[in-house]
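To start, the structure itself, in structure tokens.
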Amino acid sequence: MPRITLPDGSVKEFDAPVTALAVAESIGSRLAQAAVGAKVDGELADLSTTLTKDCALAIVTPKTRDGEADPDALMLVRHSCAHVMAEAIERVVPGAQLVYGPALETGFYYDIAFPEDRHLKEGDFEAIEKEMAKIVKEDRAFTRYELEYGEGIRKLDGEGSKYKIDNAHRAHEAGSLSLTWYATGEPGKDWEDLCRGPHVPNTGRIGAFKIMSLASSYWHGDENSDRLTRVYGTAFFNKKDLNEHLTRLEEAKKRDHRVLGKQLQLFHFDEAVGQGLVLWTPRGSIIRKELQDWIGTELRKMGYSDVFCPHIGKLELYKTSGHFPYYSDSQFTPVMDREFIHRVADEGCSCSELSNQISMGQVEGYLLKPMNCPHHIKIFDSQPRSYRDLPVRLSEFGTVYRWEQSGELNGMTRVRSFTVDDAHLFCREDQIGDEVRGCLRLVKLAFETLGLTDFRVRVGLRDPDSAKYVGTAEVWDKAERACLDAAAELGAKVSEEPGEAAFYGPKIDFIVRDVIGREWQLGTVQVDYNLPERFDLWYTGADNTKHRPVMIHRAPFGSMERFIAVLIEHFAGAFPTWLSPEQVRVLPISEKSSAYADEVHAALMAAGVRASVDHSNERVQAKIKHGAEWKIPYLLVVGPRDAEGGVVSVRAFGEEKDLGAMPLGDFVAAIADEISSKGETNVRARMSPAGAGT
RNA sequence: GCCGCUGUAGCUCAGUGGUAGAGCGCACCCUUGGUAAGGGUGAGGUCGAGGGUUCAAGUCCCUCCAGCGGCUCCA
């Protein structure tokens, strides 16, 4: 006699076990018609689930009460569509073996092992989608049935798919006593798949779908295991939602920093230079330089000292730091010492022996620096330090080199040479809290100034059960506390991640999501007990004995390359005036106003504003369109009327209409303020009646 | 690194074995135009590189390079 509690708190009682669908029907026929699944005690389930005991039940429909798409319903339709796609693929490519096909936040995928002589191609999508459409049209019911584990395994053994058998084993290991199948239609007659479910009731509920892309994956994510083909798709309850989704993807693509970087001429990659090596073009360099100058100023206010270091250092240095040869796979090959090369040549050492020696660290020479810390450590260590000198804060926009795998390179977010807004703080243990807090203060200031709010903070703590960590438990406790407290002050989403600390200390990472939904780690703050030990760093304490300092590595933005990539997407290429490569463009209405345009231009340049004149032989309409394409913050239309009155007609980016005319001197003053205040004040405010003349 | 896809003018792309195309951009000419594309003319390509098949290759095959989507990795 199940008592069913509904989301509104009401309770329905039934005399006998009842399906979720029947409960929906008892509430209303329209609900039952719309229903695609159920949530039983918070667990997503089939609509056909029989409820035998008291439970909380929510009927899942495509839209929630507020008319928003229901994420649970989307999971159901996508998982179901994965089955439909799998069936279609098996029809199109006989011999394809299904491996694993889950729903995702934005769609679904199915990992499939294809016969060696028949790989799936994008050209197959059309045929597959056609088959899928047939299956959807047939409106077959997803029918669940269950077999006792041993019986289920016998069935799978008969079918001979090692992947399915593996899935069954895993389910068993996870504690499942039985195995479930879903037939798309009638068991034993129609297509079926070993599957936990749940699904929508019928294929007909899949209103719209699309196969998106192909990718590869490894079985169990193990690169030594079978290579599988991952087919990505997405599904919705109706065509409109699918189209909106596709439009969103298009919009996101327009914000993609790789697209905008090319279009706005911010950076360039050149085959002749090398993969993953960024060339900063003049426009992009302006953005980077503005950011660096600004951060640099803030750092000096916070008591940092600028240092400069070479891009290479002796291998021995990195052996001391532990970076070499341990991380040699992700470093550029060492720059060999001439003597060493000669000796190797004389000894007739083969390439493989040489590479062996490199990986063993038995080489002499120089390394392109994979990190800045060893150089900074040597600066710290260049003179004796007293406890009174601490903290010592050494900062540098230091360029580092890492041999990322070629498949990993990605625009400016993953490159082989990048510049870290790096600093290393050398402090006493009792100073860690203040120093970590200081690091985060800068991050907060920067993110707030730039309007970056969509980021999260991850605090990596030690795994209490592991002994791999350097330093005592009390010291760790204090450092972890300091990191957590400081992170909490940021006001962003903070997650504690035990076991994610580096072996040498706890860390704070800042993670930003890009327009395509990928997450990128930007900055990091890491407490380090290890390197001071390795380099035998010390300072003289108040007690006149040697003490070990603690190091803090911190790079609030991580790499300038990745940070600016995120900024490009964040601003969709329309940078705030202070960062914009071209802040103002003067648009003379005709050649007759050329001279006045030059005058305006000169006044702007004299005030340090980055400005240009569009002297092209176009009508002003076209000049405005081009100005908008370059996402220039202000366009000044100047014609005879303006020249006469000594004014400029102002157009701001993103505004459909112009803001009206203002005296040239006022505009220059207003934009200079906007730039120096980083947008706290702006030209528009000065043009409003309240702001006029002040 | 691995799998798949892609590579044609500065940019975006069309071109499935038979004399290389479009739009934008660029140059020049006309136009001197007041708020999101005025008109005309022209220049610009070893079709990513190398090899092969063929009477004939941008097009088919192989190798390499680069980009993209993933997987693995990310001190």
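Here is the naming used below: chain letters follow the sequence lines, and residue numbers restart at 1 for every chain. We use all heavy atoms of the structure for the numbers below, so side chains are in, but hydrogens, waters and symmetry mates are not.
Taking the centre and axis of the six-membered ring of A:Tyr109, the NZ or CZ atom of A:Arg230 falls inside the cone set by 45° and 6.0 Å.
OP1 and OP2 of B:G33 both lie 4.0 Å or more from every side-chain N or O belonging to A:Gln621. Contact check, A:Ser590 against B:G33: no side-chain N or O comes under 4.0 Å of OP1 or OP2. OP1 or OP2 of B:G69 lies within a sub-4.0 Å distance of a side-chain N or O belonging to A:Arg258. Not one side-chain nitrogen or oxygen of A:His220 sits closer than 4.0 Å to the OP1 or OP2 atom of B:C71.
For the pair A:His257 NE2 and B:C68 P, the interatomic distance rounds to 8 Å; values are reported in whole Å. Rounded to whole Å, the distance from CD on A:Glu629 to P on B:U35 is 19 Å. Straight-line distance from the NE2 atom of A:His615 to the P atom of B:U31: 20 Å, rounded to whole Å. Residue A:Asp111 contributes atom CG, which lies 20 Å from atom P of B:C2 at whole-angstrom precision.
Residues A:Arg170 and A:His220 bring a donor and an acceptor atom of their side chains to less than 3.5 Å of each other. When only modelled atom types and interatomic distance are considered, A:Asp598 and A:His615 share a side-chain donor-acceptor pair under 3.5 Å.
A:Tyr504 comes within contact range of the sugar-phosphate backbone alone, with a heavy-atom separation under 4.0 Å but no base atom that close. Residue A:Ala622 is classed as a sugar-phosphate contact, given heavy-atom separations below 4.0 Å to backbone atoms only.
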I'd like to know whether A:Arg458 forms a salt bridge (Lys or Arg N to Asp or Glu O under 4.0 Å) with A:Glu500, so could you lay out the CA-CA distance, the side-chain angles of the two residues, the decisive distance to 0.1 Å, and finally the verdict.
CA-CA 9 Å; A:Arg458 200 168 57 189; A:Glu500 285 301 303; 5.4 Å; no
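B:A14: no Watson-Crick or G-U partner with both key distances under 3.5 Å is found in any strand.
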